[in-house]
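I have placed the structure first, in the form of C-alpha cells, so that the comments after it can refer back to it.
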2 protein chains.
Amino acid sequence: MRTSWEQKLDQTLTKVGLRSTSQRQIVYSVLLDVRDHPTAETVFLRAKQAVPEISMATVYNCLDALVKCGLVTQVNIHRAATRFCPNMQEHGHFYCDECGKVFDISMASPAGMINIPSGFEPLQYEVSISGRCADCRDWEIPG
Amino acid sequence: MRTSWEQKLDQTLTKVGLRSTSQRQIVYSVLLDVRDHPTAETVFLRAKQAVPEISMATVYNCLDALVKCGLVTQVNIHRAATRFCPNMQEHGHFYCDECGKVFDISMASPAGMINIPSGFEPLQYEVSISGRCADCRDWEIPG
DNA sequence: CTAGGTGCAAAAGGTTTGCGGTTAA
DNA sequence: TTAACCGCAAACCTTTTGCACCTAG
C-alpha cells in the first residue's frame, strides 16, 4: 500500500510537470526519514543504501525537482555545501559554527518587518542565524 | 593628507591584531567607491587598475581581514560568488534572480522576532530576500 | 628581527553539464 | 512513442592552500 507521502509526492511532482521516479521517491524518503538537514553528499550516501547504482548527478536532479515542486527548501550556508530540509513551514535556520549542525528556528513571518522598496517583487525570504549551539556551549572549557 | 577612512581602517585592523597593508587599503577603497556589492572577482579586477600585480589570493585575504575586523559584510547568494558590502548598519539583502543585482534592504533588527532556543548563542543574523527587482519587473513583456 | 602578508600556481570542494542509454506517461 | 530522466565522467567556478619571498611593526 502506498503511503500518504508517496501519493503527495506523485501529485506534487505531476502538478508542476515533473515525473515521479523511483529515485525521486528515495531521495524524498531520505529527507523525511532523518531530519538533520543533510548535504547532497549525505543524501547520496543514504540513498545509495537503498539504490546502490544511484549517482550524484541524479541526487542533485532529484533534490532540484523537489525544490522546484515546493516540497523541499534549500539552506544556504556560507561557502559550505547546501543543506536540504523537507520542513515547508516558514522558519529560519541556526547554523552552529562549531559543530556545523543546522537547527530549525521558529519565527514569525519576516515579510511584515521588512521594508521592500516599491516595485520589487519578493519571492522568497531566508533568515539565517549563525553562532554556537547549546551543546557546543556546554562543552566549552571554562576560563 | 590621510583621509578619515584610511585612519579608521588602520586603527580597526590594528585593534584586532591585523596589519595595515597597501593591498588592504586598495581593497577597502574599491568597496567604498562603488557600492554595488561586488564579487571577489570584481574587486580583484577593480583593485588591479590601481595595483596591477595584486593577486586573487591577496584579494581574498584582504576581504577576509576586512570581514574579521568588522568593516565589511559578506552576502551569501545561493551557489554564486559571495558579494561584499561595506555597509555595516543592520540591513537585509534583496537578490534579483533575473539580473543578479543585490540591493540593501532596511529593516528592524530581526533579533526580536526570532525565537532562539535557550542555550543557543547567536552571533550573526542574515536576512535575504530573492525575487525580481523593480527594473526587471518593468521590462517584463506583457501578456 | 620576525610574524604576518603577498603573489603565484596548483588543488580542493561543491555543483553543473554533455552524452548515450532508459523510462514514465 | 517520446520528452524527461538516469548514470557516468568530465568540466566548471569559486575559494583555499602551499610555498618562497617580502614587509609592517
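Each chain gets a letter, A, B and so on, in the order its sequence line appears, and its residues count up from 1.
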Practice task
Nearest-nucleotide wise, let me know which of B:A80 and B:A57 is further upstream toward the 5' end of DNA chain D.
Solution key: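 That would be B:A80.
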Practice task
Examine distances only and state if a side-chain atom of A:H91 and a backbone atom of A:D104 form a donor-acceptor pair shorter than 3.5 Å.
Solution key: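 A pair under 3.5 Å: no.
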Practice task
Answer yes or no: is there a donor N or O on one side and an acceptor on the other, between the side chain of A:R24 and the main chain of A:R19, under 3.5 Å?
Solution key: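 Yes, A:R24 side chain to A:R19 backbone: donor-acceptor pair under 3.5 Å.
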Practice task
Give a yes-or-no answer on whether the side chains of B:R79 and A:N76 include a donor-acceptor pair shorter than 3.5 Å.
Solution key: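 On atom types as modelled, these side chains do not qualify, holding no pair under 3.5 Å.
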Using whole Å, report how far [atom1] of [X] lies from [atom2] of [N].
X	N	atom1	atom2	answer
A:N76	D:dT14	CG	P	16 Å
B:E41	D:dC12	CD	P	16 Å
A:F44	C:dG13	CZ	C1'	15 Å
A:L13	D:dA3	CG	P	20 Å
B:D64	D:dT17	CG	C1'	13 Å
A:R19	C:dT22	CZ	C1'	10 Å
B:M56	C:dT6	CE	C1'	15 Å
B:E53	D:dC21	CD	P	18 Å

Are [X] and [N] close enough that a side-chain N or O sits under 4.0 Å from OP1 or OP2?
X	N	answer
B:Y60	D:dT15	yes
A:Q23	D:dG7	yes
A:T58	D:dC5	no
B:N61	C:dG5	no
B:S20	D:dG25	no

Practice task
Over all heavy atoms of both residues, which pair between A:I105 and B:N115 is shortest? Give the atoms and the distance, please.
Solution key: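 That would be CG2-O, 3.8 Å.
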Practice task
Assign each of B:R79 and B:L18 to its nearest nucleotide of DNA chain C by heavy atoms, then name whichever residue's nucleotide is nearer the 5' end.
Solution key: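 So the residue in question is B:L18.
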Handout entry: Earlier contact from the 5' end, DNA chain C, for A:T21 and A:R83
Key =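 Mapping each residue to its closest nucleotide by heavy atoms, the 5'-most match is A:R83.
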Handout entry: Proximal nucleotide (of C:dG7, C:dT15, D:dT15) relative to the B:A81 side chain
Key =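 Nearest to the side-chain atoms of B:A81, counting from C-beta on, is D:dT15.
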Handout entry: A:A40 side-chain proximity, nearest of D:dT15, C:dT15, C:dG7
Key =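 Closest nucleotide among those given: C:dT15.
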Practice task
Could you please spell out the steps behind the side-chain contact (heavy atoms from CB on, under 4.5 Å) verdict for B:L63 and B:V27?
Solution key: CA-CA 7 Å; B:L63 289 169; B:V27 165; 3.7 Å; yes
Practice task
Have a look at A:T14 and say if it touches a base, only the backbone sugar-phosphate, or nothing, with a 4.0 Å heavy-atom cut-off.
Solution key: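 Result for A:T14 = nothing.
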